[in-house]
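Ligands are counted one by one from 1 in listed order, and the atoms in each one are counted from 1 as well. In this chain, residues are counted from 1 in sequence order.
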Amino acid sequence: MQVLGTIKGFRAARRDAAGPVGLVPTMGALHAGHLSLVRRARAACSTVALSIFVNPTQFGPGEDLARYPRPIERDLQLAEDAGVDLVFHPSAEEMYPPGFATFIEVGGPASRWEGEHRPGHFRGVATVVAKLLVITTPQQAFFGEKDFQQLTVVRRMAADLALPVEIIACPIVREADGLALSSRNVYLSPAERPHGAALYRALQEGRRRVAAGERQASTIRAAILAVLREAPGVRPEYVAIVEPQSLEPLERIEGPARALIAARLGSVRLIDNVSLADEGLL
Ligand code: AMP
């Protein structure tokens, strides 16, 4: 495994790489969710590239940029064990040199939900993902459904800019109680941690309602919120029932639909989502 800290160095290593390249972009603090993306990439591509970069432009003022975990030695060991070939681990100065002034603005699926609650977040995400794709030139790039809106925004950007890359969606990896794995879960105190499972429990309630024949989005949304509100310390930011490509809210579930949640638990902001209407459910 080669670890490259500069764009020039990565490009040189990339030129020597065999066959199709798969990119897994991450902010590090790797867990089994990230490693499931690496496994998907490993199965599909001859060369697997992993980027580890805590991207400052996607954090808002008052967010957790400074305290975001950066266990780089452990990450490199996990990456090597998972069969990663190339790691791109640039500094902030390498990605955003003095005078940097170009950003990608995404509308449409970026406008609501996380876009409203974290102004500027997707501008930072789209910019860094576009730059990582230009630097690494992968045939495929792997993203988790955990960040469903991010995945949708990246798909939209890749289509709109005709980027020569296939965006591959990977399922959410969860703890035994349903809490979606996240690098931020380490911020949960032992007292808070059990209540983190409320998000998935609430989403499962939404799925149950749809499976039982409920089609009115407002009723399903209310059922999800009711479960969230039962959990001590969980403060919902939004619960949305959306069409999965536009992320526009649905009034009725007649086809593909996704339920999205953001909630605070102590000092931690958690997000999660499920499909409400996958094959056989309607
Ligand atoms: P991050 O390091 O949080 O920016 O995440 C890097 C990539 O890993 C993103 O595509 C995430 O959606 C994905 N990811 C994070 N957590 C999970 C999870 N629990 N299951 C699947 N993918 C995940």
Peer 1: Has ligand 1 got any nitrogen or oxygen that is less than 3.5 angstrom from a nitrogen or oxygen of L181?
Peer 2: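 Between L181 and ligand 1, an N or O pair is found under 3.5 Å apart.
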Peer 1: Please determine, by modelled atom types, if T57 and Y96 share a side-chain donor-acceptor pair under 3.5 angstrom.
Peer 2: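 Side chains of T57 and Y96: pair found under 3.5 Å.
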Peer 1: Has H31 got any heavy atom lying under 4.0 angstrom from an atom of ligand 1?
Peer 2: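 Per 4.0 Å heavy-atom rule, H31 contacts ligand 1.
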Peer 1: Could you tell me the residue and atom name of the protein heavy atom closest to atom 23 (C) of ligand 1, and the distance to it rounded to 0.1 Å?
Peer 2: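 Among all protein heavy atoms, the one nearest atom 23 (C) of ligand 1 is K146 CB, 3.8 Å.
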Peer 1: Are L179 and Y200 packed together at the side-chain level, in the sense that at least one heavy-atom pair is separated by less than 4.5 angstrom?
Peer 2: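 They are not in side-chain contact.
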Peer 1: Show me which atoms of ligand 1 lie under 4.0 Å from any heavy atom of M27.
Peer 2: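 What qualifies from ligand 1 is 1 (P), 2 (O), 4 (O).
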Peer 1: Check this for me - ligand 1, I172, N or O atoms closer than 3.5 angstrom, yes or no?
Peer 2: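 There is no such contact.
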Peer 1: Show me which atoms of ligand 1 lie under 4.0 Å from any heavy atom of F143.
Peer 2: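 Result: 10 (O).
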Peer 1: For ligand 1, which part of L37 has a heavy atom less than 4.0 Å away: the side chain, the backbone, both, or neither?
Peer 2: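 Under 4.0 Å from ligand 1, L37 contributes side-chain atoms alone.
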Peer 1: Stepwise, does the ring-ring contact (aromatic ring centres under 6.0 Å, His included) test hold for Y238 with H117?
Peer 2: CA-CA 9 Å; Y238 63 78; H117 287 263; 5.3 Å; yes
Peer 1: Quick one: nearest non-hydrogen protein atom to atom 21 (C) of ligand 1, plus distance?
Peer 2: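 Of the protein heavy atoms, P171 O, 3.4 Å lies nearest.
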Peer 1: Between R252 and E214, does any NZ, NE, NH1 or NH2 come within less than 4.0 Å of an OD or OE carboxylate oxygen?
Peer 2: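 R252 and E214: not salt-bridged.
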Peer 1: Considering residues at least two apart in sequence or located in another chain, which fulfil the ring-ring contact (aromatic ring centres under 6.0 Å, His included) criterion with F142?
Peer 2: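 For F142, no residue satisfies ring-ring contact (aromatic ring centres under 6.0 Å, His included) once neighbours in sequence are set aside.
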Peer 1: Given side-chain contact (heavy atoms from CB on, under 4.5 Å), test M27 with F59 step by step and report yes or no.
Peer 2: CA-CA 12 Å; M27 300 207 298; F59 288 76; 3.8 Å; yes
Peer 1: Using 4.0 Å as the upper bound for N to carboxylate O, is an ion pair formed by E237 and R269?
Peer 2: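 Here R269 pairs with E237 in a salt bridge, since their nearest N and O are under 4.0 Å apart.
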Peer 1: Could you tell me which atoms of ligand 1, counted from 1 in the order shown, lie closer than 4.0 angstrom to a heavy atom of G144?
Peer 2: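 Within the 4.0 Å cut-off of G144, ligand 1 contributes 9 (C), 10 (O), 11 (C), 12 (O), 13 (C), 22 (N).
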Peer 1: If the threshold is 4.0 Å, N to carboxylate O, is there a salt bridge linking R193 and D177?
Peer 2: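 Between D177 and R193 there is a salt bridge, with a charged N closer than 4.0 Å to a carboxylate O.
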Peer 1: Taking both backbone and side-chain atoms of H34, is any N or O found less than 3.5 Å from an N or O belonging to ligand 1?
Peer 2: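 The answer is yes, given that H34 and ligand 1 share an N or O pair closer than 3.5 Å.
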Peer 1: Heavy atoms only, cut-off 4.0 Å: how does P25 contact ligand 1, side chain, backbone, both, or neither?
Peer 2: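 Contact part for P25 vs ligand 1: backbone (N, CA, C, O).
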Peer 1: Would D147 count as a polar contact of ligand 1, with the cut-off being nitrogen or oxygen pairs under 3.5 Å?
Peer 2: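 Yes, D147 has an N/O under 3.5 Å of an N/O on ligand 1.
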Peer 1: Could you check which of L30, V128, V173, V125 puts a non-hydrogen atom nearest to atom 20 (N) of ligand 1?
Peer 2: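 Nearest heavy atom to atom 20 (N) of ligand 1 lies in V173.
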Peer 1: State, without any angle test, whether E114 and Q149 hold a side-chain donor-acceptor pair at a distance under 3.5 Å.
Peer 2: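 No, no side-chain donor-acceptor contact under 3.5 Å.
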